[in-house]
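When a ligand or atom number is given, it counts from 1 through the structure's own listing order. Both backbone and side-chain heavy atoms feed into the values below; hydrogens, waters and symmetry mates do not.
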Amino acid sequence: MKLLIVGGVAGGASAAARARRMSEDAQIILFERGPDVSFANCGLPYYVGGEITERDKLLVVTPERLHTRFKLDVRTRSSVEAIDRAAKKVRVRDLSTGREYEESYDKLILAPGAAPLRPPIPGIDLPGIFRLRNLQDVDRIKQQVDQGVKRAVVVGAGFIGLELVENLVRRGITTTVVELQDQVLPPFDKEMTTPLAEHLATRGVSLLLGQSAEAFEKAADGLVVKLTSGQRLPAQLVILGVGVRPENKLAVEAGLEVGPRGGIQVDEHLQTSDPDVYAVGDAIEVKDFVTGQPTQVPLAGPANRQGRIAADNIFGRDTRYRGTQGTAIVRVFNLTAAMTGASEKTLQRAKRAYRKVYVHPTHHAGYFPGAEGMALKLTFDPTDGKLLGAQAVGGAGVDKRIDVLAVAIQAGMTVFDLEEMELAYSPQYGSAKDPINMAGFVAAGLLRGEHPQADVEAAVTASATGRPLLVDVRTPQEYAAGHIPGAVNVPVDELRSRLRELPPDRELAVYCQVGQRGYLATRILAQAGFEVANLGGGYQTYKLFYPQS
Ligand code: FAD
C-alpha cells in the first residue's frame, strides 16, 4: 500500500501516525507546504501574548520525530499542486528548489485545512495587517508587537479573534474589536454572549458590533481602519479573524464533489466521490450530529479523529464518523464560554421543534469559598426530552459541564437522564445537585408539566400589550435594585397572604433571580387557581437578553 497524505498538521499528521500503527509495511508519504508539521495552531495566540514563552513548544512533533518513530516519509515545503485521479498520481512542487515531480498512490488522504478569509477590502495588503494560521504568521505578528504597538484593531469577534484580543491586551495594547454581527462569538446564541461583551468592556476593550471595515489606509503612525459607519480607527496592528474557507482547490480541480460552501464531500467513512481519495479536517463538509444537515466545522478535535478514521478505513477497519457536534470552548480573560450541539438559532434555521431552559448555578457549593457563577442553557426535544444543545458562560466549571453535556448528546440522552446523573461531588468541585442535575430538573419538570415556564423574551414582549402580569417574587431590596419594567413586587414569603392583590382572571408570569423562588411561587399560585408560568432562569436570564435595562 502506498499512501499519500496532503497536509501535515491536525488531520494529516493524525492520519499518518494511525496509518503506520495499522500497517508496518505501508509506504506513507506526508506532504506539507509549510516548513513545519504537527504544530499547535490552537496555541498560537498565547505565544503572541507571552503565556507560551517558548516557540519550540508549539512544535508538537518534528518531521525527524515522525520519521524515527513512525517511519514516515515527511516532505515539508512540498506543495501538492494537482491530482491525476485516472493515473492515481499527484504532482508535487518542492518549494525549496522549485523542482516538480510526480508521485503515484494507491490511496490518497486530503487534509489541506482551511485558509483564513481575506476579504477584498481596499488596502488589505498594507503592511501591519495580518491573519493567523501558522507559525510564520505568528512570527510576523509577534515581531510587530515586540517592536511596540500602542493600538490594535481585530476584525472579527470569533474564537480566534477573541483569543487574540486577550493576548494583545496582555501585551498592554489598546485593542478594538470590529464585528459585523450584533454579537461576539457568532456560533453562540446572542444572549449567551452578553457576559462576554460586558467583560471585554471591563478590560478596556472597545467592542464595535454591527460594523465592518470598509478600507485600510496608511497613516503617519501606522494605519487607519475605516469602518462602514464612517468611524476611523488608528492602529499599528490589524488582525483579520473573519473566518476560514476550505482549501478545496486541489479537490475541485480534480473533479471531486464539493458542497455549496466549498467543503469536500465525504461519506461516513470519509471517502470522497473517488473511492481512492479520502478527505478530513477543516477542508470537508460534515454532517451536523444533531440536525443531520451538512455543515462545516473547523475544529481540531474533529480533524484529529477524522484522520484516524480515514486511516482505519484505508487499512480495512470499518470505522464511521458520526458527525460533528461543534463542541467548542474559549477563554476570554476571566470568563469561559463553551457550547456543544445545536444552538437555538441553528434549530430555528433547521425548523426543528425545541424547548429551552436556563439555569444560573455556581460551579461548586455556594458555601465553600470561591464559588463562581455560570449561565447554562439547554435545548431539547419538546416531546421526548432528547438533548439537542448546550451553551454555558461563566467562570470555573464551565468546561466540565459542557463536556458532560457533549457526552450526553453523543449518547442520545434526555433531560430525564440529566436528573439522574451521578457526578463527582465534594464542595470544592461541585454540588450535591450539580448544575447538570439542576438543568435536568428544570427541563424535565417542564416536560412533565410540573413547572409551567414562559420564555423571558416572549413574556417581556407580551407584557407590553398587558399580558401576562409580571410578578417579581424577590425581596423589595432586589426589586429596587432592578426589575423588569411593568412587574409588580410580591415577595415569595408574603405570597400566600397577599393572593388577593393579584388578578384572578389574568395570566401571571412570575420571576425571581434565577428561577428557584419563581418555581415555588408558581406552585403556590397554581394551587390557588391562578394561571401562572415561571420565567425561565429569572431576572438573570432577563439581563442576558436586555443587558442595558
Ligand atoms: P490544518 O491543521 O490547517 O493543516 C492543513 C495543512 O495542510 C496546512 O499546514 C497547509 O499548509 C497544508 N496544505 C494545504 N494545502 C496543501 C497542499 N496542496 N500541499 C501540501 N500541503 C498543503 N480548534 C480547536 O478545536 N480549538 C482551538 O482552540 C483552536 N484554536 C485555533 C487557533 C488558531 C490561531 C487557529 C489558526 C486554529 C485554531 N483551531 C482550533 C482550529 C484547528 O487548528 C483546525 O480546526 C485544525 O488545525 C484543522 O486541521 P486540518 O488538518 O484540517 O488543517
Side-chain angles (χ1 to χ4, degrees), residues 4-16 29-49 52 58 60 74-83 90-95 103 108-117 130-138 141 154 156 158-164 166-167 187 239-241 243-254 263-264 266 270 279-284 286 296-308 310 324-331 336-340 399:
L4 304 188
I5 301 172
V6 182
V9 191
S14 285
I29 308 177
L30 185 69
F31 297 102
E32 168 54 52
R33 197 164 49 196
D36 312 298
V37 289
S38 200
F39 61 88
N41 332 45
C42 311
L44 298 176
Y46 306 96
Y47 180 58
V48 175
I52 296 175
L58 296 167
V60 182
V74 180
R75 302 189 192 169
T76 52
R77 299 198 50 75
S78 298
S79 173
V80 175
E81 301 280 293
I83 307 168
V90 298
R91 184 158 48 80
V92 185
R93 172 186 282 265
D94 180 337
L95 299 175
E103 200 67 63
L108 174 66
I109 299 178
L110 300 178
L117 286 170
F130 301 91
R131 294 174 293 160
L132 179 58
R133 180 179 186 186
N134 53 33
L135 280 159
Q136 290 65 53
D137 296 330
V138 88
I141 294 171
V154 175
F159 289 92
I160 296 174
L162 290 191
E163 287 174 355
L164 279 163
E166 180 187 308
N167 282 288
I239 300 185
L240 299 172
V244 294
R245 62 161 184 80
E247 287 234 27
N248 63 10
K249 186 166 171 281
L250 272 181
V252 169
E253 287 177 359
I264 304 169
V266 290
L270 303 173
V280 302
D282 288 0
I284 67 170
V286 290
Q296 277 162 216
V297 186
L299 288 172
N304 275 276
R305 293 199 311 282
Q306 290 159 8
R308 280 172 64 92
T324 300
Q325 262 171 265
T327 307
I329 188 160
V330 63
R331 184 187 76 189
T336 300
M339 64 181 290
T340 185
D399 55 342

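Within the 4.0 Å heavy-atom cutoff, Ala13 does not count among the residues contacting ligand 1.
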Only pairs under 3.5 Å count here: list side-chain donor-acceptor contacts from residues 33-40, not counting sequence neighbours, and write none if there are none.
unit_1: Arg33; atom_1: NH2; unit_2: Glu247; atom_2: OE1; d: 3.4
unit_1: Arg33; atom_1: NH2; unit_2: Glu247; atom_2: OE2; d: 2.8
unit_1: Asp36; atom_1: OD2; unit_2: Gln136; atom_2: NE2; d: 3.2

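Nearest non-hydrogen protein atom to atom 21 (N) of ligand 1 is Arg33 N, 3.0 Å. Nearest protein neighbour of atom 33 (C) of ligand 1, counting heavy atoms only, is Asn41 O, 3.3 Å. Looking at atom 50 (P) of ligand 1, its nearest protein heavy atom turns out to be Gly11 N, 3.9 Å. When only non-hydrogen protein atoms are considered, atom 11 (O) of ligand 1 lies nearest to Glu32 OE2, 2.7 Å. Protein heavy atom at the shortest distance from atom 14 (C) of ligand 1 is Pro112 O, 3.2 Å. Among all non-hydrogen protein atoms, the one lying nearest atom 19 (N) of ligand 1 is Val80 N, 3.0 Å. Nearest non-hydrogen protein atom to atom 4 (O) of ligand 1 is Val9 CB, 3.4 Å. Looking only at heavy atoms of the protein, atom 7 (O) of ligand 1 is closest to Gly7 CA, 3.2 Å.
When each of Pro246, Pro298, Pro302 is checked for a side chain to side chain contact (heavy atoms under 4.5 Å, CB included) with Asp282, only Pro298 meets the rule.
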Give the C-alpha distance, both sets of side-chain angles, the deciding distance and a yes or no for side chain to side chain contact (heavy atoms under 4.5 Å, CB included) between Ile160 and Val244.
CA-CA 11 Å; Ile160 296 174; Val244 294; 5.7 Å; no
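Under 4.0 angstrom from ligand 1, there are no non-hydrogen atoms of Val330. Within the 4.0 Å heavy-atom criterion, the part of Ser78 lying near ligand 1 is the backbone and not the side chain. Counting heavy atoms closer than 4.0 Å to ligand 1, residue Ala303 contributes side-chain atoms (C-beta onward) but none from N, CA, C or O. Proximity of Asp282 to ligand 1, defined as any heavy-atom pair under 4.0 Å, is shared by backbone and side chain alike.
The atoms of ligand 1 that sit less than 4.0 Å from any heavy atom of Pro298 are 41 (C), 45 (O). Heavy-atom contacts of Gly281 reach the following atoms of ligand 1: 52 (O) (cutoff under 4.0 Å). The atoms of ligand 1 that sit less than 4.0 Å from any heavy atom of Phe31 are 20 (C), 21 (N). Close approach to Leu132 involves these atoms of ligand 1, each under 4.0 Å from a residue heavy atom: 34 (C), 36 (C). Short contacts between ligand 1 and Leu250, defined as distances under 4.0 Å to a heavy atom of the residue, involve ligand atoms 18 (N). Per-residue contacts place Val6 under 4.0 angstrom from the following atoms of ligand 1 (heavy atoms of the residue considered): 16 (C), 17 (C), 18 (N), 19 (N), 20 (C). If you number the atoms of ligand 1 from 1 as listed, the ones under 4.0 Å from a heavy atom of Ala111 come out as 5 (C), 6 (C), 7 (O).
Ser14 places no side-chain N or O within donor-acceptor distance of the main-chain N or O of Gly12, the cut-off being under 3.5 Å. Within the 3.5 Å criterion, the main-chain N or O of Ala114 finds a donor-acceptor partner in the side chain of Arg133. Formation of a donor-acceptor pair under 3.5 Å by the Asn167 side chain with backbone atoms of Leu164 is not found in this model.
For ligand 1, the polar-atom distance check finds no N/O of Cys42 at less than 3.5 Å from any of the ligand's N/O atoms. Considering backbone and side-chain atoms alike, Leu299 places an N or O below 3.5 Å from some N or O of ligand 1.
No side-chain heavy atom of Val74 sits less than 4.5 Å from a side-chain heavy atom of Glu32. Annotation: side chain of Leu240 is not in contact with side chain of Leu117 (no heavy-atom distance under 4.5 Å). Annotation: side chain of Leu4 is not in contact with side chain of Val80 (no heavy-atom distance under 4.5 Å). Side-chain contact check for Glu103 versus Ile29: some heavy-atom pair is nearer than 4.5 Å. Taking 4.5 Å as the limit, every side-chain heavy atom of Gln306 sits out of range of all side-chain heavy atoms of Val266. Side-chain contact between Leu44 and Asp137 is absent, with no heavy-atom pair separated by less than 4.5 Å.
Under the rule for a salt bridge (charged side-chain N to carboxylate O under 4.0 Å, His left out), Arg305 has no partner lying at least two apart in sequence or in another chain.
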